[in-house]
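Comments concern the structure below.
Reminder, nothing fancy here: chain letters follow the sequence lines and each chain counts from 1.
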There are 2 protein chains.
Amino acid sequence: MVQKSKKPPVTKIDAPVPPKRRGRPRAYQPDVALGKALDLFRKDGFAATSLDDLSAATGMNRPSLYGAFGDKRELFIKSYRRYREDARVAMGGIFRDELPIRRRLERIYAVALDIYLSGESGPRGCFTVMTAASEAVHDPDIRAMVLEGFTELDKAFAACFRLAKEKGELSENADPVVLAQLASATIHTIAIRARAGMPRKELDAIVNGALDVMLRA
Amino acid sequence: MVQKSKKPPVTKIDAPVPPKRRGRPRAYQPDVALGKALDLFRKDGFAATSLDDLSAATGMNRPSLYGAFGDKRELFIKSYRRYREDARVAMGGIFRDELPIRRRLERIYAVALDIYLSGESGPRGCFTVMTAASEAVHDPDIRAMVLEGFTELDKAFAACFRLAKEKGELSENADPVVLAQLASATIHTIAIRARAGMPRKELDAIVNGALDVMLRA
DNA sequence: ACTTTTTTGTACCATTTCGCAAAAAATTCC
DNA sequence: GGAATTTTTTGCGAAATGGTACAAAAAAGT
């Protein structure tokens, strides 16, 4: 076996052209299936979601699910990763925006609330918070991912405040790290309260009050 | 039978003397059994806790469990009520204490962290938050209880800040309601992060930073 | 001693759940 | 057209789950 001709060298990582796979073609698109799985997990949580539910939601039958994503736990982990990616693309732009700090934060919370309040059968909250509240205690891998999610948010907020301070939008003795933790705390509280059914108006009010204090009138 | 001698008139509502029940005596104490059930629910959540688990933990077999507390959902609800009562007695005194505001809040958070970090197999977090993250979406009764839990905490904090303001410990333009929501947010964030495995030191630091900002250095 | 009352303990049932094996189907390669 | 390859489909099976029926047990009343 001098030359390995097994795979044609994939220069373009995901070409829009189907790469002519060998056997029977898939009846599903992994991306959309994973999205459906994520929706279900967000709605019901890990324990209350059965493989049959997932099978029905994705349109894949159980063996296909298994072949594509592994067992239930692996599918959950992949769903969670997908959630984080989605959140990053939804947020990423705003964090790097050049708006004044108050506007920037308002936008961030608006997008967050869009995510938390979405869902056909009731608001779904923040998947990171949900996972922390359930699986994180018993599964070290999941716990690590969740912790990483928290610190990622903390850091993003901290960078936000640091930038604002450099631009003179905050007082000299403002501590970006502390403010970031408060900003995260506000994210967490609205995520939880959203899932408990609190209407958007009240959540917006909480955000506004928190911003008043953090940005120190 | 001129005088009704069926029951001796129970003037004292719960005498420490066992009231001579009629049939076979219970092999368990409902209070401690409910406590064990609460421990389990807090550890694993509703869906991941089976009746067999509960049976093993309480020492009662399933039919007895059913007879004493109703089905799984009812047992969960009773466990949650118990949690709230426990939390109230643990907190109640401090909220009404006459300490300076900073000290008072420090104590509150210390007690809260004691509750959230307790647990033989990992920190158990706040049961209200956990329940909001899971069952609250699908069960209106549970959702109502959880929402009530949130507003109860908000109100307690608000009273706290109102008192401090009256005593001149806060600036004139401080808004007790807004500060209370931030104080609740801080409770929520440490509850979640505790369950995600964040060590107490870091949680204490978050509390301290939050107090700095709320009490306006 | 016998009846009544209440709880326990054993056993059972219908359903759900996760996982997998084996056959059938759809496609490419030769 | 036939072999090779990959996926789908069907269906099985062992275990767990929530709930209940029923007899045995343990106490008080008579």
To the nearest angstrom, how far is [X] atom [atom1] from [N] atom [atom2]?
X: B:N61; N: D:dC22; atom1: CG; atom2: P; answer: 18 Å
X: B:L51; N: C:dT17; atom1: CG; atom2: P; answer: 15 Å
X: B:R22; N: C:dT6; atom1: CZ; atom2: P; answer: 7 Å
X: B:K72; N: D:dG19; atom1: NZ; atom2: C1'; answer: 12 Å
X: A:R24; N: D:dA3; atom1: CZ; atom2: P; answer: 20 Å
X: B:D52; N: D:dA16; atom1: CG; atom2: P; answer: 9 Å
X: B:Y66; N: C:dT8; atom1: OH; atom2: P; answer: 16 Å
X: B:R62; N: C:dT8; atom1: CZ; atom2: C1'; answer: 14 Å

* Sole candidate of B:T189, B:T186, B:L182 that passes side chain to side chain contact (heavy atoms under 4.5 Å, CB included) when paired with A:T186 ->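 Only one of B:T189, B:T186, B:L182 forms a side chain to side chain contact (heavy atoms under 4.5 Å, CB included) with A:T186, namely B:L182.
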* Asked: So, B:E98 and B:R104, do they make that salt bridge, N to O below 4.0 Å?
  ->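 No.
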* Asked: Is the shortest side-chain N to carboxylate O distance from B:D86 to B:R82 below 4.0 Å?
  -> yes
* Compute the centroid of each ring, for A:F127 and then for A:F76, and state whether the two points are separated by less than 6.0 Å. => yes
* Are B:F41 and B:Y80 close enough that their ring centers fall under 6.0 Å? -> no
* For B:A48 and for B:G23, locate the closest nucleotide of DNA chain D by heavy-atom distance; then report the residue assigned to the nucleotide nearer the 5' terminus. => B:A48
* Closest-nucleotide 5' rank along DNA chain D - winner of A:L65 and B:R73 ->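 Its nucleotide being nearer the 5' end, the pick is A:L65.
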* **DNA chain C: 5'-proximal contact among A:D53 and B:S64 (nearest heavy atom)** =>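 So the residue in question is B:S64.
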* Give one of base, sugar-phosphate or nothing for B:S50, where a contact means two heavy atoms less than 4.0 Å apart. =>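 If one applies the 4.0 Å heavy-atom cut-off, B:S50 turns out to touch the sugar-phosphate alone, with no base involved.
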* To do: Describe the nucleic acid contact of A:S55 in one word from base, sugar-phosphate, nothing, applying a heavy-atom distance below 4.0 Å.
  =>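 No contact.
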* To do: Consider the side chain of B:P63, meaning its heavy atoms from C-beta on, and name the nucleotide among D:dT8, D:dT9, D:dA21 that approaches it most closely.
  => D:dA21
* If you check the B:R26 side chain, which of D:dT8, C:dT7, C:dT27 turns out closest? -> C:dT7
